[in-house]
Number of protein chains: 2
Amino acid sequence: MIKTDPQEVEQRLKQFELACRQKGVKLTHQRIEIFREVAEATDHPDTEQIYQRLKNRLPTLSLDTVYRTLWLLKDLDLLVTLGTSRERTRFDANLKGHHHQVCTKCGAISDFYSDDLDKVKLPEPLGMLVEIEATHVEVRGICRNCLKST
Amino acid sequence: MIKTDPQEVEQRLKQFELACRQKGVKLTHQRIEIFREVAEATDHPDTEQIYQRLKNRLPTLSLDTVYRTLWLLKDLDLLVTLGTSRERTRFDANLKGHHHQVCTKCGAISDFYSDDLDKVKLPEPLGMLVEIEATHVEVRGICRNCLKST
DNA sequence: TTTAATGCAAAAGATTTGCAACATG
DNA sequence: CATGTTGCAAATCTTTTGCATTAAA
């Protein structure tokens with residue numbers, strides 16, 4: 001399992017602690033560990049997976065705390081969610097503008113960056129939207145592993 | 001509620017009936033009505049909404065048939081799903097390559113098209129993916145209605 | 001010490017399944 | 001007619017909630 005670069009994780013944790021203090025949200029042991037787990041992950045885990053990965057370290061942790069914490073962190077803009085249709089919601093602590101590549105076979109999701117994409121102008125009369133917050137591209141396809149195993 | 005252009009709906013229905021016959025899937029009254037409902041909708045409804053909209057026309061319809069049918073149609077590539085994180089899965093019968101604009105306040109989703117976007121080259125070493133199937137852009141922002149009501 | 005957060009267990013919600021009755025090809 | 005599909009009810013799975021206990025500021 002590939003993990004986020006440790007320096008990057010530390011940075012994210014710093015930002016997280018700062019944000020919590022600023023907003024008067026208590027820095028509990030559980031919150032720190034849950035955030036760290038998401039920050040270290042590169043595979044965009046869902047609630048259950050995060051819970052499973054933490055159980056060794058925090059044996060008394062309960063699943064509902066993981067749920068509550070993840071959505072709290074999302075509300076604080078410290079995490080981003082990916083809706084993946086039939087699957088459960090998945091979480092990402094990467095706050096730099098980025099895009100996703102998704103394997104339609106195995107469901108793996110990985111981040112990527114593209115200056116070219118970021119530079120594209122949207123058609124002016126977009127329609128419904130007035131204030132644009134973010135543009136996110138999802139590229140779907142088959143990943144190396146899944147192609148091999150067919 | 002804005003509906004899909006009737007001609008377009010008819011086209012989609014034709015294609016749907018053809019596909020069902022080709023794949024040996026029976027064309028039941030329920031399946032036709034469920035597909036029509038999605039084909040007419042422009043708001044990307046979820047299972048429950050589709051069920052509610054059909055109840056008048058089909059009083060004995062059951063929710064589980066709607067579930068079963070929608071996922072069947074998706075497996076037959078006659079519908080596309082949108083995963084929208086905390087919400088339920090939503091369905092779209094628009095099979096032309098298109099993109100989505102999402103209001104982060106009210107959750108409204110509407111289709112849009114962009115030649116410019118479709119022309120952008122992805123960075124060559126995308127990473128994980130080998131065979132690319134589709135590229136989909138999601139633009140998030142605030143819609144006209146929600147901006148007014150703040 | 002005050003207030004918010006956790007863990008537990010129970011509740012609520014959403015989705016799926018087994019099976020007899022029914023409709024389609 | 002044979003087979004696949006539906007509706008119902010029950011089962012399952014996921015997520016949320018109430019509340020007493022515990023921990024953070």
Side-chain angles (χ1 to χ4, degrees), chain A residues 13 16-38 45-76 78-79 81-91 107, chain B residues 13 16-38 45-76 78-79 81-91 107:
Chain A
L13 271 163
F16 154 73
E17 293 182 9
L18 196 70
C20 286
R21 268 190 261 277
Q22 274 184 351
K23 315 214 181 183
V25 167
K26 288 185 183 168
L27 270 171
T28 65
H29 188 197
Q30 290 89 331
R31 286 186 179 156
I32 295 169
E33 292 308 313
I34 291 169
F35 182 83
R36 187 206 307 284
E37 197 60 46
V38 183
D46 64 33
T47 312
E48 183 70 33
Q49 288 174 310
I50 295 161
Y51 174 64
Q52 291 302 336
R53 292 173 195 182
L54 283 164
K55 255 170 123 179
N56 299 320
R57 260 189 284 159
L58 303 173
T60 72
L61 180 68
S62 67
L63 182 57
D64 61 77
T65 298
V66 182
Y67 273 103
R68 280 191 278 226
T69 302
L70 290 170
W71 289 105
L72 171 77
L73 295 177
K74 146 111 191 189
D75 288 344
L76 297 178
L78 294 165
L79 294 181
T81 54
L82 325 194
T84 49
S85 202
R86 210 164 195 182
E87 288 179 64
R88 311 196 195 93
T89 303
R90 296 164 69 154
F91 295 84
Chain B
L13 271 163
F16 154 73
E17 293 181 9
L18 197 69
C20 285
R21 267 190 262 277
Q22 275 184 349
K23 313 213 184 185
V25 167
K26 286 184 184 168
L27 270 171
T28 66
H29 188 196
Q30 290 91 329
R31 286 185 179 156
I32 294 167
E33 291 309 312
I34 291 170
F35 182 83
R36 188 205 306 284
E37 198 60 47
V38 183
D46 64 33
T47 312
E48 183 69 33
Q49 290 175 309
I50 294 161
Y51 173 64
Q52 291 301 336
R53 293 174 194 181
L54 282 165
K55 257 171 122 178
N56 300 320
R57 261 189 284 159
L58 302 173
T60 71
L61 179 69
S62 68
L63 182 58
D64 61 76
T65 298
V66 182
Y67 273 104
R68 279 189 280 224
T69 303
L70 289 170
W71 289 106
L72 171 76
L73 294 177
K74 145 110 191 191
D75 288 344
L76 298 177
L78 293 165
L79 294 181
T81 54
L82 324 194
T84 49
S85 201
R86 210 164 195 183
E87 288 179 66
R88 310 196 196 93
T89 303
R90 297 165 67 154
F91 296 84

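Sequence lines set the chain letters: A, B, ... in the order given, protein chains first and strands last, and positions in each chain run from 1. Model, not experiment: these values are computed from the prediction.
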- Side-chain contact, heavy-atom cut-off 4.5 Å: B:P45 with B:R53? yes
- Is the backbone N or O of A:T89 less than 3.5 Å from a side-chain atom of B:S85, with the two atoms forming a donor-acceptor pair by type? no
- Taking CD from B:E48 and P from D:dT14, how many angstroms apart are they, rounded to a whole number? 20 Å
- A:H29 or A:W71: which one's nearest nucleotide on DNA chain D is closer to the 5' end? A:W71
- Whole angstrom value for the distance that separates C1' of D:dC13 from CD of A:E87: 15 Å
- For the atom pair OG1 (A:T47) and CZ (A:R88), what is the distance rounded to the nearest 0.5 Å? 8.0 Å
- Item | Nearest-angstrom distance from the residue atom OH of B:Y51 to P of C:dA14 | 13 Å
- Message: If I take atom CG in residue B:L27 and atom C1' in nucleotide C:dG25, what distance separates them, rounded to the nearest angstrom?
- Response: 10 Å
- Message: Among residues at least two apart in sequence or on other chains, which ones pass salt bridge (Lys or Arg N to Asp or Glu O under 4.0 Å) with A:R57?
- Response: A:E33, A:E37
- Item | A:R86 CZ to D:dC13 C1', straight-line distance once rounded to whole Å | 13 Å
- Item | Distance, rounded to the nearest Å, where A:K26 contributes NZ and C:dT3 contributes P | 9 Å
- Query: Within this structure, what is the CZ-to-P distance between A:R90 and D:dT15, rounded to whole angstrom?
  - Reply: 13 Å
- In whole Å, what is the span from the OH atom of A:Y67 to the P atom of C:dT6? 16 Å
- Task: For the residue pair B:F16 and B:F35, categorise the inter-ring angle as parallel (less than 30°), tilted (30 to 60°) or perpendicular (more than 60°).
- Result: parallel
- Under 3.5 Å, side chain of B:R31 to main-chain N/O of B:K26, donor-acceptor pair present? yes
- Query: What string of B, S and - do you get for nucleotides 6-11 of chain D, 5' to 3', if B is base contact, S is sugar-phosphate-only contact and - is no contact with any protein heavy atom under 4.0 Å?
  - Reply: BBBB--
